[in-house]
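The chain is numbered in sequence order, starting from 1.
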Amino acid sequence: MWCKSCLCVFIFVLILNQFQVDAQTGKRCTTPNGEYATCVSIYSCNHLLQAVQTRDETQLRFLQKSQCTGYSNGPIVCCGRESNYVTTGNQATNGRVLLNNGDTPNKNFRRNPNIPNRESCGHDFSERIFGGEATAINEFPWMALLQYTNNSGYRRWACAGTLINNRYVLTAAHCVTGDILSKVGRLVNVRIGDYDTENAVDCQGGLCNNPIDVGVEDAFAHAGYNNNNQHRYNDIALVRLSREVKFTPFIQPICLPKINEAATVGDRMSVAGWGRTEYASRSGVKMKVEIPMAQRAQCTRAFASAGINLKSSQICAGGQRGKDSCTGDSGGPLMTTAKDDPSTWYQEGIVSFGARCGTEGWPGIYTKVEYFLDWIHKNVRP
């Protein structure tokens, strides 16, 4: 058994690591497992205090990463339910909660009451513009633009996402981590309710709206995402806004899919965004395109020839000449209406990557949202 003096030494080391700043006792925090918890004195968190005595290197590393800043009658720690990394299969996580590896959807997850049900999501109040690429001013009111700033303070829009409740935006992992941080900058704002990025106030057909910019409190990718992996498995992320947003006819959440609610080959899907078009590097107005769900075998063969192996948690859609999502639409939605209620939209996928934008025979690749419902419901908090 570890000696009492060793316990004191280890706790003293924790104290030194606090840098002697104001204590954060009582504040919300996130454990190394991604569980949301509260900062308390280590002496009030028995399982973390006992972890000190284990002499297990992994457990001690977990304890060190559980520190909150400050000191109040002892080190302050993020006291969740665990004193070690939660494992799933052979994988230990040291980031947000990872409940599956993207191979199969978890059908038995616990539903999060903070995520809207079908009665209060996916409703589009627009008069659609058929036959054109531009959307109506209030079409797809869950669309969000992500803004980044570089070290020089220059700001630009570079990704899209979707509002899934009044505090969270769903996007792609590569929009919040990896190369985008060095090439574009740090994510700082999310714009919601926009139509034309060139105008401060959008007006169309007698309807006018002021889009809103909301700061980013937190942004985190799925723990299974690897920026160096060209296959882009687990390309999904959540952005927590700095405040709640009020729903209006121009700002609404999209629905998440139900388990086994999946589009089939040939089903028509919609993609929207402000990304690259055939005419310009960016579109000023929100654009849309309809694409079909692609043949899986044909898609798999095409990407295998490029050295990319697809998993069942990735969707192939598109592959028609001149119709595709392109760079700049990253993180945006692949969406469709529910078969049992055509007035309700849900998000089938997230724009992940493509090999040849708008080229026949090369569908776009989308993260299949159904496979990550457990991860989303577990990581969204009030």
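The closest side-chain donor-acceptor pair between His174 and Ser330 falls under 3.5 angstrom.
Sequence neighbours left out, the pairs with a member in residues 336-353 that pass salt bridge (Lys or Arg N to Asp or Glu O under 4.0 Å) are Lys258-Asp340, Asp267-Lys339, Glu348-Lys368. Applying the disulfide (SG to SG under 2.5 Å) definition to pairs two or more places apart or across chains, those involving residues 202-233 are Cys203-Cys208.
Placement of Met269 and Val271 within a single hydrophobic cluster is found when ILVMFWY residues are connected by side-chain heavy-atom separations under 4.5 Å, directly or transitively.
Judged by the 6.0 Å and 45° rule, Lys286 forms no cation-pi pair with Tyr195.
Aromatic ring centroids of Phe109 and Trp375 lie 6.0 Å or more apart.
The backbone N or O of Ile115 sits less than 3.5 Å from a side-chain atom of Arg111, completing a donor-acceptor pair. Looking only at distances, a side-chain donor or acceptor of Asp235 sits under 3.5 Å from a matching main-chain atom of Ala173. Checked by atom type and distance alone, the side chain of Thr177 never pairs as donor or acceptor with a backbone atom of Ala221 at under 3.5 Å. A donor-acceptor pair under 3.5 Å is formed between the side chain of Tyr148 and the backbone N or O of Cys175. Gln252 places no side-chain N or O within 3.5 Å of a backbone atom of Asp124 that could act as its donor or acceptor partner. Between the side chain of Thr248 and the main chain of Phe250, a donor-acceptor pair closer than 3.5 Å is present. Counting only distance, with no hydrogens or angles, the side chain of Ser242 and the backbone of Glu217 share no donor-acceptor pair below 3.5 Å. At least one donor-acceptor pair under 3.5 Å links the side chain of Asn165 to the backbone N or O of Asn114. Remark: the backbone N or O of Pro211 is not paired with any side-chain donor or acceptor of Asp194 at under 3.5 angstrom.
Summarising the geometry of Arg296 relative to Leu310, their closest heavy-atom pair is NH2-CB, 3.7 Å, with the distance given to 0.1 Å. Residues Cys79 and Val40 approach most closely at CB-CG2, 3.6 Å, considering heavy atoms.
Annotation: side chain of Ile254 is in contact with side chain of Met335 (closest heavy-atom distance under 4.5 Å). Residues Leu238 and Val176 form no side-chain contact, since every pair of their non-hydrogen atoms from C-beta on lies 4.5 Å or further apart. Counting only heavy atoms from C-beta outward, the side chains of Asn112 and Lys378 never approach each other to under 4.5 Å.
Taking the six-membered ring for Trp and thresholds of 30 and 60 degrees, His222 and Phe372 have ring planes more than 60 degrees apart, a perpendicular arrangement. In this structure, Phe140 and Trp142 have tilted ring planes: the angle between them lies in the 30° to 60° band.
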